[in-house]
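Some notes on the structure that comes next.
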Amino acid sequence: MTTARSLLTGLTPVKLEYFDIEGAAEPVRLALFVAAIPFDDVRIPIDQWPSKKLTTKHGVLPEMTLPSGEVVTESMAMLRLVGEADEDGKLYPADVVKRLKIEQVLGLLGDLTRAWNPSLYLNMRPERFGYPEDWSGEEKEKVVKAVREAFMSEDFPKFMGYFEELLKQNGDGYLAGEDLTIADLSAFPRISYFTKGVADHIPKDCLDSYVGVKGWLERVASHPKVAAYKVSKE
């Protein structure tokens, strides 16, 4: 029987291609490192994307090339595959009850992402929302500010409350139980993003009222394998 680890290990390392940002690939990078699977972390310069796009299977990144040469698409499929390959059996446990908890967290993260995306892409790709592609100036700033402030006052507290409750249920451990799982590796860069000050109108101290979530971020960051990954990227 083919195993996840046999798919991901071979004579050549896995190749993971994405842009030089965290984005959709960062949970997969983290999982590969935590699961001790060698991989080439290929960062595509943005000016090379138009030509690179023509060579991708579905016109998007990330893409993962297995040692066999097979190309895998969809970051969540990659994340589950890598979790399955964890020799410690903790990232994506075989126990169906534990997996159900993980899947619920992943679904909740998907809901958070969908709630945030209009605030993000209104600024980056205004044409998707009926505005000119070259939209700029005071009107744009006003609209983006209003949309992001609405997200922070309505959606953000709702979702952080959900995560706070999950952590309480798990004894202030991790999001799906006492062990670090792909749920944590998926959530960690997404929730950390809001504290980095990179998005206008999103205050860096937005998590100060959520003691459980802040503590969880610190636990994930200080996990020996996650901390080692961060050092490897410095």
Side-chain angles (χ1 to χ4, degrees), residues 15-32 41-65 71-80 82 105-160 162-163 182-183 185-207 213 217 233:
K15 180 170 69 172
L16 182 63
E17 297 179 278
Y18 194 61
F19 307 106
D20 192 18
I21 58 173
E22 291 188 349
E26 191 67 5
V28 184
R29 294 175 185 137
L30 279 163
L32 285 164
D41 185 10
V42 180
R43 309 288 182 115
I44 307 298
I46 194 66
D47 62 347
Q48 294 180 16
W49 172 234
S51 58
K52 175 64 180 176
K53 184 176 182 178
L54 299 175
T55 71
T56 61
K57 287 179 71 171
H58 299 151
V60 294
L61 292 176
E63 281 192 341
M64 173 188 284
T65 305
V71 175
V72 178
T73 62
E74 301 303 327
S75 60
M76 295 308 296
M78 299 173 199
L79 185 61
R80 290 183 176 92
V82 177
V105 175
L106 293 175
L108 191 58
L109 287 165
D111 292 341
L112 170 62
T113 299
R114 282 185 287 276
W116 164 246
N117 275 349
S119 299
L120 176 66
Y121 288 108
L122 180 62
N123 187 53
M124 296 171 58
R125 298 171 184 170
E127 68 278 7
R128 291 187 174 184
F129 300 89
Y131 295 98
E133 187 173 353
D134 60 352
W135 190 40
S136 62
E138 185 176 335
E139 181 194 13
K140 179 181 181 181
E141 174 64 21
K142 183 178 180 180
V143 172
V144 170
K145 182 175 185 289
V147 171
R148 291 188 176 181
E149 287 181 346
F151 170 82
M152 290 306 297
S153 65
E154 299 169 16
D155 294 303
F156 190 79
K158 176 179 69 175
F159 283 103
M160 292 308 108
Y162 295 155
F163 292 123
I182 61 171
L185 299 183
S186 184
F188 180 65
R190 295 196 212 188
I191 295 177
S192 297
Y193 167 84
F194 294 107
T195 69
K196 293 183 176 181
V198 295
D200 292 340
H201 316 298
I202 307 298
K204 294 173 67 174
D205 63 357
C206 61
L207 286 178
V213 174
L217 283 175
K233 296 303 175 185

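Excluded from the calculations below are hydrogen atoms, water molecules and symmetry mates; all remaining heavy atoms, backbone and side chain alike, are included.
Side-chain atoms of Arg29 never come within 3.5 Å of backbone atoms of Asp41 as a donor-acceptor pair (strictly under, hydrogens ignored). With hydrogens and angles ignored, the 3.5 Å screen pairs a side-chain donor or acceptor of Ser51 with a backbone N or O of Gln48. Ser192 contributes a side-chain N or O that, together with a main-chain N or O of Phe188, makes up a donor-acceptor pair within less than 3.5 Å. In this structure, Arg148 contributes its side chain and Asp200 its backbone to a donor-acceptor pair below 3.5 Å.
Atom-to-atom distance recorded for Leu79:CG and Leu32:CG is 9.0 Å, nearest 0.5 angstrom. Taking CD1 from Ile191 and CG from Leu109, the interatomic distance works out to 6.0 Å, rounded to the nearest 0.5 Å. Put simply, CZ on Arg43 and CD1 on Ile21 are 9.5 Å apart, with the number rounded to the nearest 0.5 Å. Here NZ of Lys15 is found 9.0 Å from CD of Glu63. Values are rounded to the nearest 0.5 Å. Atom CZ in Arg125 sits 10.0 Å away from atom CG in Asn117 (nearest 0.5 Å).
Of all heavy-atom pairs between Phe194 and Cys206, the closest is O-SG, 3.4 Å.
Under the 30°/60° scheme for interplanar angles, the aromatic rings of Trp135 and Tyr131 are found to lie parallel.
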Worksheet item: Where do Ile202 and Tyr193 land on the side chain to side chain contact (heavy atoms under 4.5 Å, CB included) test, with the steps shown first?
Response: CA-CA 10 Å; Ile202 307 298; Tyr193 167 84; over 6 Å; no
Worksheet item: Would Phe129 and Val147 count as a side chain to side chain contact (heavy atoms under 4.5 Å, CB included) if you check the C-alpha gap in whole Å, the side-chain angles of each, and the deciding distance to 0.1 Å?
Response: CA-CA 12 Å; Phe129 300 89; Val147 171; over 6 Å; no
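With a 6.0 Å radius and a threshold of 12 heavy atoms from other residues, nucleotides or ligands, Lys142 has its NZ atom at or below the threshold. Other residues, nucleotides and ligands contribute only 12 or fewer heavy atoms inside 6.0 Å of the OH atom of Tyr162.
The salt bridge (Lys or Arg N to Asp or Glu O under 4.0 Å) test applied to Arg128 returns no partner, not counting sequence neighbours. Applying the salt bridge (Lys or Arg N to Asp or Glu O under 4.0 Å) test to Lys158 and every residue at least two apart in sequence or in another chain returns Asp155. For Pro189, the side chain to side chain contact (heavy atoms under 4.5 Å, CB included) partners are Glu22, Glu26, Pro27, Leu30, not counting sequence neighbours.
Only one option out of Lys53, Lys52, Lys57 pairs with Glu17 in a salt bridge (Lys or Arg N to Asp or Glu O under 4.0 Å); it is Lys52.
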